[in-house]
Amino acid sequence: MATVEPFALLPGAMPTTQPSPASTPKYLQEDELSKERRDLISSLPTEKAWVVSYIHQYQGFWHPTRQLLGVLTCQQHFQAQDSDILLVTNPKSGTTWLKALVFALMNRSRYIDSPQQHPFLTTNPHELVPFLELKLYAENQVPDLANFTSPRLFSTHLPFVSLPTSVKDSACKLVYLCRNPKDTFVSLWHFTNKLRPKDKGTNSLEEAFDKFCRGVCLYGPFWDHVLGYWEASLENPERILFLKFEEMKEQPALHLKRLAEFLGCPFSPEEETKGMVDDILKLCSFEYLSNLDVNKNGKMPSGEEYKTFFRRGEVGDWINHLTKEMTERMDEITQDKFHGSGLKF
Ligand SMILES: Nc1ncnc2c1ncn2[C@@H]1O[C@H](COP(=O)(O)OS(=O)(=O)O)[C@@H](OP(=O)(O)O)[C@H]1O
């Protein structure tokens, strides 16, 4: 594997001493690091990243420098509570949709008589269900979570092996949503190209594809991420619900009801009669959310425009991007990696 030695490039300095452009989200930026963290990062396998300079392999998974700091801080400080709900995904697997669905589900009684006051009208789902390592614990910060009411809703892209010990030791519930690797890759390629500084141009599809197949991408290898949660969900089905984007698209009502039951708030017969399942699905639909003013024109405090989280929201767009050879390579990896696991896409 071609690796680079970032800290050998400029003695005594991080390689990216140039300020990162304002459009690059904070968690992907690389500024100054403590000596301890710098020593750790120097010891990790490192490659060129998709958006900013470097990506490091930690506990078997790849993280840009800033993101890795959030991972370390979160592992060190996050204290899970038994009543917490953690939404977990590989990037671009439908995180925004899952956040919307679970938030709308858990808060359904609050806005039933005042839909015009629903938080989605003013706030993107990523703000309502914050990421642990990318937001709350980003940049070495240790947040005060006292204002979160129970059950606390958080999200993460952390692989199972990297979850904070307190998550594994507590009885908190995890919902894992995955998506077929070809659509996940295509979505990630579009997304990271939007985040790249203008002067760097776009990543070529071929180069990004090769990196994705080698596992060198945000929270990659994709397959190991999915397998970690798949196996954990088989061992512990009452704590980890494993969902697939494609199945949710095909039978959204069925899966929303499964989610509600898993989270201990099943729909009552009256709610079903009133059409609440469909109401929540409409409220969280790609069409509805992507057309809200806040999501068309708003930005995250960390820099991303909310509209970058909405592209097509469909199954099978990979067919418009991948060559026959690419498709074969990806399918082969998927078959090899998932062989014997019972997992298929
Ligand atoms: N409501 C809803 N329903 C269905 N699909 C949706 C929805 N919202 C976002 N999307 C699509 O999800 C893709 C973005 O993935 P994530 O939300 O996981 O991104 S992130 O990891 O939080 O950055 C991205 O997929 P692609 O369109 O294939 O790129 C989004 O369009």
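Both ligands and their constituent atoms are indexed starting at 1 by order of listing. Values reported hereafter were calculated over all heavy atoms of this structure, with side chains retained and with hydrogens, waters and symmetry mates removed.
- Each of the atoms 1 (N) of ligand 1 lies under 4.0 Å from some heavy atom of Cys284.
- The shortest N/O to N/O separation between Leu289 and ligand 1 does not fall below 3.5 Å.
- Distances between N or O atoms of Asn90 and those of ligand 1 include no value under 3.5 Å.
- Every N/O-N/O distance between Lys249 and ligand 1 stays at or above 3.5 Å.
- Environment of CD in Glu36: sparse, with no more than 12 heavy atoms of neighbouring residues, nucleotides or ligands closer than 6.0 Å.
- Around CG of Asn320, the count of heavy atoms belonging to other residues, nucleotides or ligands within 6.0 Å exceeds 12.
- The shortest heavy-atom distance from Tyr288 to ligand 1 is not under 4.0 Å.
- For residues 234-253, the set of pairs meeting the side-chain hydrogen bond (donor to acceptor under 3.5 Å, both in side chains) definition, not counting sequence neighbours, comprises Asn180-Glu246.
- Taking 4.0 Å as the cut-off, Ala100 does not count as a neighbour of ligand 1 on heavy-atom distance.
- Between Glu47 and the options Arg214, His56, Gln57, a side chain to side chain donor-acceptor pair (under 3.5 Å) holds for only Arg214.
- At a threshold of 4.5 Å between non-hydrogen side-chain atoms, the residues Trp223 and Leu343 do not count as touching.
- Distance CZ/Arg311 to NZ/Lys194: 6.5 Å, rounded to 0.5 Å.
- Under 4.0 angstrom from ligand 1, there are no non-hydrogen atoms of His190.
- Residue Phe286 holds the heavy atom nearest to atom 7 (C) of ligand 1 of all those in Trp189, Phe191, Phe131, Phe286.
- Glu127 and Tyr306 share a side-chain donor-acceptor pair at under 3.5 Å.
- Atoms of ligand 1 found under 4.0 Å from any heavy atom of His126, numbered from 1 in the order shown, are 22 (O).
- Relative to atom 23 (O) of ligand 1, the option among Lys307, Lys99, Lys92, Met248 with the closest non-hydrogen atom is Lys92.
- Residue Glu314 places no N or O, backbone or side chain, under 3.5 Å from any N or O of ligand 1.
- In this structure Glu332 satisfies the side-chain hydrogen bond (donor to acceptor under 3.5 Å, both in side chains) test with no other residue, sequence neighbours excluded.
- For the pair Phe310 and ligand 1, the shortest N or O to N or O distance does not fall below 3.5 Å.
- Taking every heavy atom of Gly94 and a limit of under 4.0 angstrom, the matching atoms of ligand 1 come to 15 (O), 16 (P), 17 (O), 18 (O).
- Of the heavy atoms in Ser187, both backbone and side-chain atoms come closer than 4.0 Å to ligand 1.
- With ring centers used as reference points, Phe185 lies 6.0 Å or more from Phe222.
- Heavy atoms of Ser285 found under 4.0 angstrom from ligand 1 belong exclusively to the backbone.
- Remark: among candidates Trp97, Phe309, Tyr219, the nearest residue to atom 9 (C) of ligand 1 is Phe309, based on non-hydrogen atoms.
- In this structure, of His157, Glu304, Arg311, Arg179, the residue bringing a heavy atom nearest to atom 25 (O) of ligand 1 is Arg179.
- Summarising the geometry, atom CZ belonging to Phe345 is positioned 8.0 Å from atom OG1 belonging to Thr334; distances are rounded to the nearest 0.5 Å.
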